[in-house]
Amino acid sequence: MAKHFYTPNEWFYIRNHLPAPDVSAEDYELDVAFDDGNEEITFNLSDLKTKFEKVEMTSSIQCGGNRRAEMNEIKPIKGLMWKGGAIGNAKWGGVRLFEILKDYNLTGIKHVQFEGYDEGSDGSPYGASIPIEKAMSGNVLLAYEMNDEILPRDHGYPIRVVATGIVGARNVKWFKRIVLSEEESHSHWQRSDYKGFNPSVDWSNVDFTKSPSVQNMPVTSVICWSKIDNGQLILNGYAWAGGGNRIIRIDLTTDKGENWFEGTLNEQTDDPEPKHFGWSLWSASVPISEQKEIEVWCKAVDSNYNSQPESFKNIWNLRGINSNAYHRIKVKSS
Ligand SMILES: Nc1nc2c(c(=O)[nH]1)N[C@H]1C(S)=C(S)[C@@H](COP(=O)(O)O)O[C@H]1N2
Ligand SMILES: [Mo]
């Protein structure tokens, strides 16, 4: 993963909750509606591509359950056992959601709901929503290009939402409908999933109405690769923070925190925080003594000086969301 600042499209993780639909460019339509049913406007694909300015933005998209497998080692979690692979970084090309919404009277609108062309067996679409402030920030894209290529089918062809800095689940693919509303999306994934809880909440007492939906994601980092060379442990990996924060430092230890070494941030965009949405690639060289097995930990620090928690135990939650404790790997020296 850490070889390419822009994750090649064919390596970018894919997460679908419902069967992926085939949407043709000719049939594609995006509806914009108010939830009082008053007004409805439809754009076709060429409207979106020609009537609005094309912009490009670098943003990572990360699933809310990335690194869940590590948290699962503490206590079993329901969910896909992602290691560190449920994230990718891309250059997205498209139109700003702001451009599409700016001429409407948005008085009283608090949430912008998104629906996809994909439907569950009950006929209801995939859905999610983001707060109106984020929608109007200029940092949410309706993307039709991914790394200078046409958006691939598995990533939402012909149009997907790129809600920069926000959990993957709100980055709706095969984008069909915008609903401007006082309320969050009523979809399962907005209301009954992708939320965090106290570590002692379990399936017998969880109340999804009590917890806000995850939007911006916390800071995380992962060691992707390691090698021992001449008494040095050579490492590389990625680090990312949601909410437009930039990664400012990566810290590593091989003795459970007695001594810390600093890695090097090799690649990141120069987008200023809080509009820094791409990940950072880093590498490090840590001196090691004669040990058979080395355990190395990493943690990143973001531009708000937020860092990662030390243990998964104290952030455990029943869906394994925001699983961002120190990444720890063991490296054998022989
Ligand atoms: N229409 C639609 N959009 C969707 C999903 C989906 O199932 N249907 N999955 C979401 C989730 S949970 C994630 S993590 C991201 C994954 O995006 P990717 O497959 O392009 O990596 O898409 C989001 N957008
Ligand atoms: Mo996800």
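In listed order, ligands and their atoms are each counted from 1. We use all heavy atoms of the structure for the numbers below, so side chains are in, but hydrogens, waters and symmetry mates are not. None of the values given here were measured: they were computed from a predicted structure.
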Nitrogen or oxygen contacts under 3.5 Å, ligand 1 side and protein side:
| unit_1 | atom_1 | unit_2 | atom_2 | d |
| --- | --- | --- | --- | --- |
| ligand 1 | 1 (N) | Asp118 | OD1 | 2.8 |
| ligand 1 | 1 (N) | Asp118 | OD2 | 3.2 |
| ligand 1 | 1 (N) | Lys173 | O | 3.0 |
| ligand 1 | 3 (N) | Lys173 | N | 2.9 |
| ligand 1 | 7 (O) | His17 | N | 2.7 |
| ligand 1 | 8 (N) | Asp118 | OD2 | 2.6 |
| ligand 1 | 9 (N) | Arg15 | O | 3.2 |
| ligand 1 | 17 (O) | Arg160 | NH2 | 3.2 |
| ligand 1 | 19 (O) | Arg15 | N | 2.9 |
| ligand 1 | 19 (O) | Lys173 | NZ | 2.5 |
| ligand 1 | 20 (O) | His155 | ND1 | 2.6 |
| ligand 1 | 20 (O) | Arg160 | NH1 | 2.7 |
| ligand 1 | 21 (O) | Tyr13 | O | 2.6 |
| ligand 1 | 24 (N) | Asn171 | O | 3.0 |

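In this structure, Tyr157 has its ring center at least 6.0 angstrom away from the ring center of Tyr28.
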Can you give the donor-acceptor pairs under 3.5 Å from side chains of residues 138-155 to other protein atoms, not counting sequence neighbours?
| unit_1 | atom_1 | unit_2 | atom_2 | d |
| --- | --- | --- | --- | --- |
| Glu145 | OE1 | Lys54 | NZ | 2.8 |
| Glu145 | OE2 | Lys54 | NZ | 3.2 |
| Asn147 | OD1 | Lys91 | N | 2.8 |
| Asn147 | ND2 | Thr7 | O | 2.9 |
| Asn147 | ND2 | Asn9 | OD1 | 2.9 |
| Asp148 | OD1 | Lys91 | NZ | 3.3 |
| Asp148 | OD2 | Lys91 | NZ | 3.1 |
| Glu149 | OE1 | Asn9 | ND2 | 3.2 |
| Arg153 | NE | Asp22 | OD1 | 3.1 |
| Arg153 | NH2 | Ala20 | O | 3.2 |
| Arg153 | NH2 | Asp22 | OD1 | 3.4 |

Show which side-chain atoms of residues 70-77 pair as donor or acceptor with protein atoms under 3.5 Å away, not counting sequence neighbours.
| unit_1 | atom_1 | unit_2 | atom_2 | d |
| --- | --- | --- | --- | --- |
| Glu70 | OE1 | Arg67 | NH2 | 2.8 |
| Glu70 | OE2 | Arg67 | NE | 3.0 |
| Asn72 | OD1 | Ile77 | N | 2.7 |

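A cation-pi arrangement is present between Lys299 and Trp260, with the terminal nitrogen or guanidinium carbon under 6.0 Å from the aromatic centre and inside a 45° cone about the axis.
Under 3.5 Å, the side chains of Asn216 and Lys134 contain no donor-acceptor pair of N or O atoms.
For Phe98, the side-chain contact (heavy atoms from CB on, under 4.5 Å) test picks out Arg96, Lys102, Met136, with sequence neighbours left out.
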